[in-house]
Amino acid sequence: MKLCRFNEDRLGVVVDGAIRDITDVQTEIRANARYDMKGDAVIASLPEWRSRMEEAAESAEPIDVASVDLLPPIARPCKTMAAPVNYEAHVAEMAAQPHVTGEDKGAQRPSGIQNQGIFLKANSAVVGPSEGVAIRFPDRRNDHEVEFVIIVGKEGSRIKREDAMDYVAGYTLGLDMTVRGIEDRSFRKSCDGYAPVGPWMVTADEIPDPGNVPFTVHLNGNLQQDAHTKDLIFDVPRLIEFASEFYTIYPGDYLFTGSPPGVSEVHPGDVMRCNCELIGEMEVVVREAE
Ligand code: MN
């Protein structure tokens, strides 16, 4: 099942390229959820409510995807985690450019996730495809990093690799937008809009092997990152295991799995088109911040 959020906080199921509005189900789920719960009520309720969502979708009128504003698929993520250097070829690409990473000014040399751990992006940086990315520092280098993104399905801590897939609700695509420089990652990568996700969430059953997922980003029509999750240093179950050693994970948490090679600069006016056959396509426009 493909679940999307659109327009004014509406929930939809994407069927054959059209959206079926099931906001009534969302309203009912939220009405029965505790306000102080950690995580997202709709994602937490998926196992119990999925069949009702599918029934509601069947009786709803199809809406053209192109006619709506797509929002991020999760209304209330508890946190947005991200793997920093999780493809060997991207580690090499960044290590070869000390003037870009800030290593020449004292920043840490990129050396791989096993040494550098996971970092957090502010939830306030998360946007949907329709919102676009506003460049706050046009005089600095701003890069796109297209990433395969895990959406956590249920609460867990110190999860073992062999149990990890039970904690995955689904997947989406993300852009880990980055201001290059020497500051901490969580600072440089958390500008407003620096975490576009979408176009929607695909439930885990539709991607039975997350280690076998090709995905791309085109910048202004040119293929810029051509990636495959088989090249991840820490694969999806290992990332769940690793993250949950440090954090309790909650339903609706995002986990960006890391950027493949091919990162490049973006400027106002650019268009980033992320595609994954198993998920869908999202187009994100870059503009200058006001
Ligand atoms: Mn990244």
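Residue numbers count from 1 along this sequence. Just so you know, ligand 1 is whichever comes first in the structure, and atom 1 is the first atom listed for that ligand.
The aromatic rings of Phe234 and Phe242 sit perpendicular, their planes meeting at an angle over 60°, well past the 30° parallel limit.
Per residue Asp176, closest N, O or S atom to the Mn ion (ligand 1): atom name OD2. When you scan the N, O or S atoms of Glu145 for the one nearest the Mn ion (ligand 1), you land on OE1. The Mn ion (ligand 1) is closest to atom OE2 of Glu147 (considering only N, O or S atoms).
Between Glu265 and Arg180, none of the side-chain N atoms (NZ, or NE/NH1/NH2) sits under 4.0 Å from a carboxylate O, so this pair counts as no salt bridge.
Between the side chain of Asn222 and the main chain of His218, no donor-acceptor pair closer than 3.5 Å is present.
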Stepwise side-chain contact (heavy atoms from CB on, under 4.5 Å) check, Ile135 with Tyr194:
CA-CA 9 Å; Ile135 299 295; Tyr194 271 46; 3.5 Å; yes
